[in-house]
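Here is the structure we will look at, set down as structure tokens.
Counting begins at 1 with the first residue of the sequence. Because the structure is a prediction, the values reported are computed rather than measured.
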Amino acid sequence: MNIVLVVDQYDHSNNGTTITARRFAEQLRKRGHTVKVLASGEPEPDKITVPTHTIPFFQRLVDAQGMCFAEPVDEAYYQAFKDADIVHFYMPFRFCRRGESIARQMHIPTIAAFHVQPENITSSIGLGKTAWANHFLYWWFKDVFYNRFRSIHCPSQFIAQQLQAHGYDSKLYVISNGVDEAFRPAPQSVPRTDNTFRILMIGRLSEEKRQDLMIKAAQLSRYRDKIQLIFAGKGPLQKKYEAMGAELPRKPIFGFYKQEELIELIHSCDLYVHASDAEIEGISCIEAFTCGLVPVISDSKLSATGQFALDTRCTFPAGDAQALAERMDYWLAHPNEKMALSRRYAAYGDSMRVDRCVQQAEQMYAETIAEWKKKGFRQPKENTFRRITHPNIEKAARNYGKGWAGKAWLSALLTNLLSPVMYLVDFLVWGFSIEGRENIRNLKGGAITVMNHIHPMDCTMVKLATFPRRLHYISMRGNLELPVIGWFLKACGATPLLDNTASQMLHLEKGIERSIAQGNWTHFYAEGLLVRYHKDIRPFHRGAFLAAVRTDCPVIPMRLVCDDPHGLRSLWRKKPFLRLIIGKPLYRDKSLPQCEAVNDLMNRTHQAMEALDRPAASEAIWETGCHCADDNGTETTQEAQQLDHYGCSCGENTPS
């Protein structure tokens, strides 16, 4: 399979989500799959990078947590997804939400993972134990992201139960994140001579992880003078914990360790403590006990890690420092029992190796793809607020081209009245200009316009190019589902493109035929997907050309071209200026059967759009015909090589 993993942060293995993504990518590749990663950070083989997104006012808090968020870049999504069999999203934030929208437009199956526990977020702002805040985040994650997926990967049974309790009705796959092969018991124990008890905790230094409990328990322990606490991790509370630990006879050690160093550290410790109040799985605890280190784990109801306790003496009541001290003292006082339990834990951890988990993930991917082929994408359920803030999408598509003819005139009047404002904004902000308007000046009757889709506002640019004609847009469903804006788009002539089912496509085709018969123009984005500032013409979908053949109307190719900023506006404008070039109308070849005529018209339109921004060096050749070879069959000019890019193949399809 060709699998794409989409995750905000991939470079620094300072959190469980990043570690999981890296291990899954490595194991999937070992099993013969092609894996691409889309994330922020530095370039790596088979990794497509995007810039880091900065959040105003909250960036210092994000940095303190050791996290970062990725900036959505349409071109990066397109390059990562174009050959994918399935896309796996890891987090419910802006980067993955935009990615899901693009994967949906590209008709690629998707699956999501639930790696961000709401308590991880609310604890950072002092609301970790506030029920309404956590319930709100569960609802918000579902409403904006997870209800768009038929399948969700859950790292533990605990989080699967939490999702069910909060109304998630997708299919839930419980698959552990898995532990790496490198985590194994030490080949032989090396006795220490420092006469200390080394107690380890691994994890981000934040409120919900409760490192403070470990410090308090060490102060209450009867081995207080011998205990050396070690905290492996970084986070915003490090200075606070350093101040708390300063009262201990042995000051705690704080550090961040690479995997090899971490394994050596685990082997050198006597006990592991996992005091977290909130944990989706607790991969650091699994790594520790897989190396044979006996854990003492909080029994918090919001943590899945307690499921790994093999003995009642390996758990303590959540938040109870005195009970934690008693458990620590017991295991430090009974080394023989601890050694026997150590072997049981090592064997238990061996059953959770990442390669076994990836085998289960393969089955999850295969089932998700098979279900997508049968049912297509899941349509998210709408809440009441969303339903009343946009038009009825199904009704708008069903009634396209029907009803009172004056509706089209009112729509044209509205957009024509707005055209001066559109032009002013497009010109000042994006340096917009139009070329080739003479190609459509005398065109009568209905027509179909086709343009590359590289800017969110290019619909206004098409309207300006065709002014003052009545123009309808075939738009993605999600655009009309935007609150309030959806009504405005519908009033301006946007028609939603629903699921690609036979009945819905038939409604759309009939509506286009009625609209063109009324003399309206219909605009298609034949590429389908918006990819901002993409320079090439991408492959087309057949819908626009099927409609043109069925209605026997012309197709007008248009190309939006990116130019380098120039003039005074280049002082503040760094992104490209936009120039719209209008080509000559193209008609179906009536000598061909319908299916062949559609493909022929599509191919000629694609070639014409590529040629609209041809290099100036090939101008004369384009006007006079192709001269790709001389009498000896060799190329005669550099211009001929350039022309071949635009569709010429030694005399075939030569433009006139």
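- Proximity of a side-chain donor or acceptor of Asp270 to a complementary backbone N or O of Arg198 within less than 3.5 Å is detected.
- Salt-bridge formation is not detected for the pair Glu119/Lys129: no Lys NZ or Arg NE/NH1/NH2 atom is positioned less than 4.0 Å from an Asp or Glu carboxylate oxygen.
- Nearest heavy atoms, Ala318 versus Asp277: CB-OD1, 4.3 Å.
- Salt-bridge check for Asp169 with Lys142: failed, with every basic side-chain N at 4.0 Å or more from each acidic carboxylate O.
- For the residue pair His153 / Tyr90, no side-chain donor-acceptor distance below 3.5 Å is found, with atom types taken as modelled.
- The pair Asp311-Arg313 meets the salt-bridge criterion, since a charged nitrogen lies less than 4.0 angstrom from a carboxylate oxygen.
- Using a 4.0 Å cut-off between a side-chain N of Lys or Arg and a carboxylate O of Asp or Glu, Glu287 and Arg23 qualify as a salt bridge.
- Applying the ring-ring contact (aromatic ring centres under 6.0 Å, His included) rule to pairs touching residues 309-331 yields Tyr330-His334, sequence neighbours excluded.
- With hydrogens and angles left out, the side-chain atoms of Thr290 and Tyr348 include no donor and acceptor closer than 3.5 Å.
- Taking the six-membered ring for Trp and thresholds of 30 and 60 degrees, Tyr146 and Phe141 have ring planes more than 60 degrees apart, a perpendicular arrangement.
- Formation of a donor-acceptor pair under 3.5 Å by the Arg22 side chain with backbone atoms of Tyr10 is found in this model.
- A cation-pi arrangement is not found for Arg94 relative to Phe69, the charged atom failing to lie both closer than 6.0 Å to the ring centre and inside a 45° cone about the ring normal.
- Inter-residue side-chain proximity for Arg31 and Gln359 is flagged as met; some heavy-atom pair is nearer than 4.5 Å.
- No side-chain donor-acceptor contact under 3.5 Å links Arg98 to the backbone of Tyr77.
- The pair Lys30-Glu26 meets the salt-bridge criterion, since a charged nitrogen lies less than 4.0 angstrom from a carboxylate oxygen.
- Between Arg210 and Glu207 there is no salt bridge, since none of the side-chain N atoms of the basic residue sits less than 4.0 Å from a carboxylate O of the acidic one.
- Ring planes of Tyr168 and Tyr138: perpendicular class, angle over 60° (limits at 30 and 60°).
- A salt bridge links Glu367 and Lys171; the closest N-O separation between the charged side-chain nitrogens and carboxylate oxygens is under 4.0 Å.
- Salt bridge absent: Asp329 and Arg327 never bring a charged side-chain N and a carboxylate O closer than 4.0 Å.
- Identified under the side chain to side chain donor-acceptor pair (under 3.5 Å) test for residues 254-263, with sequence neighbours left out: none.
- Between Asp299 and Thr315, the side chains place no donor N or O within less than 3.5 Å of an acceptor N or O (distance only, hydrogens not considered).
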